[in-house]
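In the text below, chain A, chain B and the rest are named by the order of the sequence lines, each starting its count at 1. For the numbers below, each heavy atom of this structure counts, side chains included, while hydrogens, waters and symmetry mates do not.
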Amino acid sequence: MADYISLFVKSIFVDNMIFAYFLGMCSYLAVSKNVKTANGLGVAVIFVLLVTLPINYLLNEYLLKPGALAWLGEKYASIDLSFLSFIVFIAVIAAIVQIVEMVVEKFAPALYSQLGIFLPLIAVNCAILGGSLFMQERDFVNVGEAATYALGSGFGWWLAIVALAAIREKLSYSHVPAPLKGLGITFITVGLMGIAFMTFMGIQL
Amino acid sequence: MKDINLKETLLNPIFKGNPISVLVLGICSSLAVTVQLKGACVMALSVTIVTALSSLVVSLLRNTIPNRIRIIVQLVVVAMMVILVDQVLKAFAYPVSKTLSVYIGLIITNCIVMGRIEAFALGNKPLPSLLDGLGNGFGYGLILIVVAFFRELLGSGTLFGFRIIPESFYDLGYMNNGLMILPPMALILLGCIIWIQRAVQKDLQEK
């Protein structure tokens, strides 16, 4: 249990998707103009990560990893399909996003109207594919760990986008030099937030 | 079909319509690889190749791709190119491929590639699409290399791993700026690049 909590906290603060790895930056900068939409996108990211990462973990474990096909029999044990992982992961993500969109539209119209426009965007959000690729690199021992990692990093992403949106709402009232307005000051703000997040770096749980 | 100025297509994205500093595309993978110039150069090259080739392929296929499933088709084309680049890097430049780790894979979801395919390659002939892809790749690479240049020079005192700032400076009390190696500095440097660019090109300023 302690392992899971440690992994969860670490993936939120220490390995934050935005501040440590710059993943999902495009939509992070584009959709952080106000807190409400930022919150919608953040929740959608948590949700999609939580669904796709365990699926990709199972695929990696039983299909793609060197020797993963051993359950089919002796002669499949030496097959290494890991070069296919990019295409399999992105196909799974695109398909899941499509399915999630349809299911949410059918059964939770209220949620759909909130997330609606963001869901299709998420298929090409680097944070989602990045989560799967980091999972592959880290060799988690079971699905539980992969899901914990997904929840933690999604939560970290949500935290980052909501915080930036709140700052940007205030920024619009301040006097910024003209060439720095908009994009420039946003980059510098994210940089400063990143430095603040670096203080979590040495934490051991 | 209206005539497209080929030279303009190639050169415009490098400065005036730079994909990173003007269109804000492809920030995701660009910043994490800029600690060292070498990684940045390899990354710039890979992105240029992927953008150019997948623009070309999608443009060749543009009349046969059904509109409804175009995103999936594009993703498959891009993923194929990225797998090729990744395998080549693993075979011929293993250490670099190790340092770039997941960021090569993340070229698939790099907004520049998808953005150019959606905005340009789907509606244009193969040659302009190839040039547009090349131009955007160069524009992206330029920013990457500038950021990496400053980060490596000020952060470690080296360029491409060779010592640039002489030892005697260190004896006089010069110190490397450790902050430059940390990820947030890439963002701040990029903010400064945008600042300079917008101070020169006044029409880009936001109101």
_Contacting region of A/Leu29 [heavy-atom separation from chain B under 4.5 Å]_ = side chain
_Whether A/Asp3 and A/Lys10 form a salt bridge (side-chain N of Lys/Arg under 4.0 Å from carboxylate O of Asp/Glu) is what I want to check._
no
*So which of A/Ile188, A/Thr189, A/Leu180 has the biggest tally of heavy-atom pairs under 4.5 Å with chain B?*
A/Leu180
*Criterion ring pair (Phe, Tyr, Trp, His ring centres under 6.0 Å) against A/Phe134, the qualifying member of A/Tyr149, A/Tyr21, A/Phe89*: A/Tyr21
*Residue A/Phe200 excluded, over 12 heavy atoms near CZ under 6.0 Å*: yes
*Can you say whether B/Ile188 sits under 4.5 Å from chain A via the side chain, the backbone, both, or neither, judging by heavy atoms?*
both
_Over 12 non-hydrogen atoms of neighbours within 6.0 angstrom of CD in A/Gln98_ = no
*Taking atom CZ of A/Phe155 as the centre, does the number of heavy atoms from other residues, nucleotides or ligands within less than 6.0 Å exceed 12?*
no
*Picking from B/Ala186, B/Pro183, B/Ala199, B/Ala79, which has the most non-hydrogen pairs under 4.5 angstrom with chain A?*
B/Pro183
*Where does A/Phe19 contact chain B at under 4.5 Å (heavy atoms): side chain, backbone, both or neither?*
backbone
*In terms of heavy-atom pairs under 4.5 Å, which option from A/Leu129, A/Val190, A/Leu192 contacts chain B the most?*
A/Leu129
